[in-house]
Amino acid sequence: HRQQVVEAAKTSWEAQAEGKGSLQVPRIFYSSRTHTQLKQVMKELKGTSYKPFSVMLGSRQHFCLHSSVQRHSGARQNAMCRRVVDEHRC
């Protein structure tokens, strides 16, 4: 599935670059469970004529600022995060 998405984006971008469509940079939102998977899709995109600008967001473990959530890790941290978000405390 990922390869089909990358190919569709590539085809669209190349058609636009050749003047066969209105020139508009496509926005691609891609999510993954691991940074390794994110790196792989970026490598695939960079191999096309489309030169992506990217922003990678990290995990709760690395970026959570909520003090009651930071104290935990793994599944407990995820559960605590969901709780504080559901309670509108984050």
Side-chain angles (χ1 to χ4, degrees):
H1 176 71
R2 179 176 61 205
Q3 186 63 31
Q4 290 172 332
V5 171
V6 170
E7 284 300 318
K10 174 185 173 188
T11 301
S12 171
W13 178 253
E14 288 172 342
Q16 290 176 20
E18 293 172 0
K20 296 178 184 173
S22 61
L23 188 57
Q24 196 173 35
V25 177
R27 294 180 117 191
I28 300 170
F29 296 88
Y30 185 84
S31 64
S32 173
R33 290 182 50 92
T34 68
H35 281 87
T36 302
Q37 291 169 335
L38 293 171
K39 285 181 193 175
Q40 179 63 32
V41 79
M42 291 305 296
K43 179 181 174 189
E44 295 290 331
L45 284 171
K46 287 179 180 178
T48 69
S49 61
Y50 178 63
K51 301 302 178 209
F53 165 78
S54 66
V55 175
M56 288 190 180
L57 303 175
S59 66
R60 288 181 192 98
Q61 183 178 7
H62 294 105
F63 294 105
C64 180
L65 301 175
H66 200 282
S67 60
S68 67
V69 176
Q70 278 182 334
R71 292 188 292 245
H72 304 284
S73 63
R76 180 75 174 146
Q77 187 179 48
N78 289 334
M80 292 297 295
C81 180
R82 279 192 297 275
R83 175 188 278 173
V84 297
V85 170
D86 289 346
E87 294 172 354
H88 304 289
R89 296 186 294 134
C90 182

Hey, could you give me the OH/CE distance between Y30 and M42, rounded to the nearest 0.5 Å? 11.5 Å

Side chain to side chain contact (heavy atoms under 4.5 Å, CB included) between E44 and Q3: does it pass, once the steps are laid out? CA-CA 9 Å; E44 295 290 331; Q3 186 63 31; 4.0 Å; yes

Set out, in order, the CA-CA distance, both residues' side-chain angles and the distance that settles side chain to side chain contact (heavy atoms under 4.5 Å, CB included) for R82 and N78, then state yes or no. CA-CA 6 Å; R82 279 192 297 275; N78 289 334; 3.9 Å; yes

OG on S68 to CZ on R83, rounded to 0.5 Å: 9.0 Å

Nearest 0.5 Å, what's the CE-CD distance between M80 and Q70? 12.0 Å

